[in-house]
Amino acid sequence: MQVPLLDLKAQYAAIRDEVLAKINEVLDSQRCIGGPMVEELERAVAGISGCKYAVGVSSGTDALLASLMSLNIGAGDEVITTPFTFFATAGSIARVGAKPVFVDIDPKTFNISPALIEAAITPRTKAIMPVHLFGQMADMDPIMRLAWQASLAVIEDAAQAISATYKGKKAGEMGTCGCFSFFPSKNLGGIGDGGMVVTNDEKLHHRLFILRNHGMEPKYYHHCIGGNFRLDPIQAAALLVKLPHLDSWSAARRKNAAYYTKKFRGSAVQTPFISDGCVSIYNQYVIRVPRRDDLVKHLQSKGIGCEIYYPVPMHLQKCFVSLGKGAGSFPESEKAAQEVLALPIYPELTDEMKDCVVNAVLEFLS
Ligand SMILES: *Cc1c(COP(=O)(O)O)cnc(C)c1O
């Protein structure tokens with residue numbers, strides 16, 4: 001039996017007619033930039049994130065970039081973040097001319113270790129960018145305390161964690177702002193690229209709002225140098241159809257996760273650790289296993305999809321060699337990169353498919 005890592009066709013089949021009808025509304029209106037659907041999606045995503053404001057943008061990467069720009073972070077500034085993340089986190093910091101300052105992860109959650117942040121703060125530090133990896137929020141209370149003490153902004157990279165909670169607070173709600181991605185593989189995925197920034201700060205919202213459109217207000221009067229970071233209304237249309245399903249899809253992922261975790265009990269598989277007070281949306285179900293690379297080959301031979309998120313931590317990427325952090329600088333991130341493996345967790349998996357995944361993993365380990 002073939003089990004792909006993700007099957008977007010299964011999800012689309014259930015909502016196809018609705019998505020097509022909504023896209024047709026955009027096409028018939030010929031409001032091809034911005035418009036009511038983008039605004040409706042912004043209100044809805046702000047609402048589910050416990051935030052007053054939201055600004056739709058062109059991608060999760062641009063959400064991070066626009067956030068940094070709107071906070072005036074640039075050359076000479078430092079931003080503290082995790083090396084165990086998708087490239088866009090560190091990439092966006094470098095693109096505004098600031099320096100990514102890495103802090104190692106908590107090996108249990110894979111998220112930035114708050115205990116290590118304080119030592120990384122310098123007079124140049126302007127912000128902390130925690131990543132809510134795989135769908136579980138980082139340990140935000142100590143992060144917010146440190147940020148408050150040192151007057152730092154907190155930009156939540158919540159690309160993988162829309163609607164996840166930490167002690168009852170939503171992803172994006174606790175920081176200065178929160179950044180979401182609608183990349184198709186995220187829990188709320190568009191039919192192409194898209195993203196959003198949420199915030200409770202009215203001034204920041206306004207800066208983001210004009211920054212995504214060349215810093216322009218009114219037309220042809222430019223306050224600051226922004227860019228074209230606008231969210232496409234066709235993406236907004238598809239996302240408006242999908243948004244009401246987000247909670248049930250995330251619940252189905254949690255159910256699949258519980259199923260796997262139960263079946264792996266007593267084996268050499270280290271299953272995901274969810275901290276007290278956290279509700280994960282399981283954008284990924286990531287295990288640690290011995291001889292990980294051999295397991296990948298075994299699963300591939302059985303037609304089971306899997307993926308390594310992420311094989312090379314940011315400090316060891318070629319493009320960040322100039323930061324001068326060689327091998328051994330962040331041992332937990334480096335160890336995680338050797339041991340992690342994401343298994344299929346998407347909502348439409350059947351029990352038969354999950355058993356197939358579990359049996360293939362256990363067969364390899366025995
Ligand atoms: C997906 C992702 C991004 C970037 O989002 P895009 O929409 O692909 O630009 C940023 N950070 C993390 C942690 C992500 O997983």
Side-chain angles (χ1 to χ4, degrees), residues 5-6 8 38 41 45 54-69 79-96 100 102-103 105 109-112 127-138 140 143 154-164 171-172 175 177-198 208 212 227-232 234-236 238-239 242 250 253 280-286 307-315 317 319-320 333 336-337 340 342 345-346:
L5 182 66
L6 178 64
L8 289 170
V38 171
L41 184 72
V45 172
V55 177
V57 292
S58 30
S59 68
T61 305
D62 288 342
L64 296 167
L65 191 64
S67 296
L68 289 158
M69 289 169 76
V79 178
I80 293 171
T81 192
T82 164
F84 192 60
T85 180
F86 177 61
F87 174 77
T89 316
S92 63
I93 296 168
R95 281 175 65 195
V96 296
F102 298 119
V103 161
I105 55 167
T109 63
F110 302 112
N111 283 326
I112 193 168
I128 306 172
M129 192 181 274
V131 179
H132 306 321
L133 204 65
F134 306 143
Q136 170 170 226
M137 285 178 68
M140 288 299 285
I143 292 172
V154 175
I155 302 166
E156 294 178 53
D157 182 343
Q160 299 182 8
I162 189 166
S163 80
C177 61
C179 299
F180 298 127
S181 163
F182 303 130
F183 187 81
S185 68
K186 305 293 159 90
N187 282 41
L188 180 63
I191 50 174
D193 282 307
M196 198 163 284
V197 185
V198 292
L208 284 162
R212 78 160 162 198
N228 175 354
F229 302 135
R230 297 182 298 254
L231 177 66
D232 192 302
I234 287 179
Q235 296 306 325
L239 290 161
K242 289 186 173 200
S250 295
R253 284 168 180 266
S280 173
I281 62 161
Y282 280 100
N283 181 242
Q284 300 296 343
Y285 182 89
V286 175
E307 190 70 73
I308 299 166
Y309 300 116
Y310 296 92
V312 182
M314 289 307 119
H315 64 288
Q317 297 287 349
C319 65
F320 287 132
S333 297
V340 291
I345 192 69
Y346 64 91

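For ligands, and for the atoms within them, numbers begin at 1 and follow the listed sequence. Everything quoted here is computed from the prediction, not taken from an experiment.
- Remark: ligand 1 atoms within the under-4.0 Å shell around heavy atoms of Q160 are 13 (C), 14 (C), 15 (O).
- Considering only heavy atoms from C-beta on, L231 stays 4.5 Å or farther from V57 through its side chain.
- In terms of N/O distances under 3.5 Å, ligand 1 is not approached by D193.
- Every atom of ligand 1 with a heavy atom of A88 under 4.0 Å away is listed here by number and element: 4 (C), 10 (C).
- When each atom of ligand 1 is checked for a heavy atom of T85 under 4.0 Å away, the hits are 13 (C).
- Around atom 13 (C) of ligand 1, the closest heavy atom drawn from L133, D157, V57 belongs to D157.
- Using a distance-only test at 3.5 Å, with no hydrogens or angles considered, a donor-acceptor pair links the side chain of N228 to the main chain of R230.
- Closest to atom 14 (C) of ligand 1 among all protein heavy atoms lies K186 NZ, 3.1 Å.
- In terms of protein heavy-atom proximity, atom 5 (O) of ligand 1 is nearest to S181 OG, 3.2 Å.
- In terms of protein heavy-atom proximity, atom 8 (O) of ligand 1 is nearest to F183 CD1, 3.7 Å.
- For ligand 1, the atoms closer than 4.0 angstrom to any heavy atom of V131 are 13 (C).
- Of the protein's non-hydrogen atoms, T61 OG1, 2.5 Å is the one closest to atom 9 (O) of ligand 1.
- Residues Y282 and F134 place their aromatic rings such that the two centres sit no closer than 6.0 Å.
- Two residues are said to be in side-chain contact when any heavy atoms from C-beta on lie closer than 4.5 Å; I105 and N111 fail this criterion.
- When only modelled atom types and interatomic distance are considered, H132 and Q160 share no side-chain donor-acceptor pair under 3.5 Å.
- For the side-chain contact (heavy atoms from CB on, under 4.5 Å) test with F320, the passing option among P313, P100, P83 is P100; the others fail.
- A distance of 8.5 Å separates CG in N187 from CD1 in I162, rounded to the nearest 0.5 Å.
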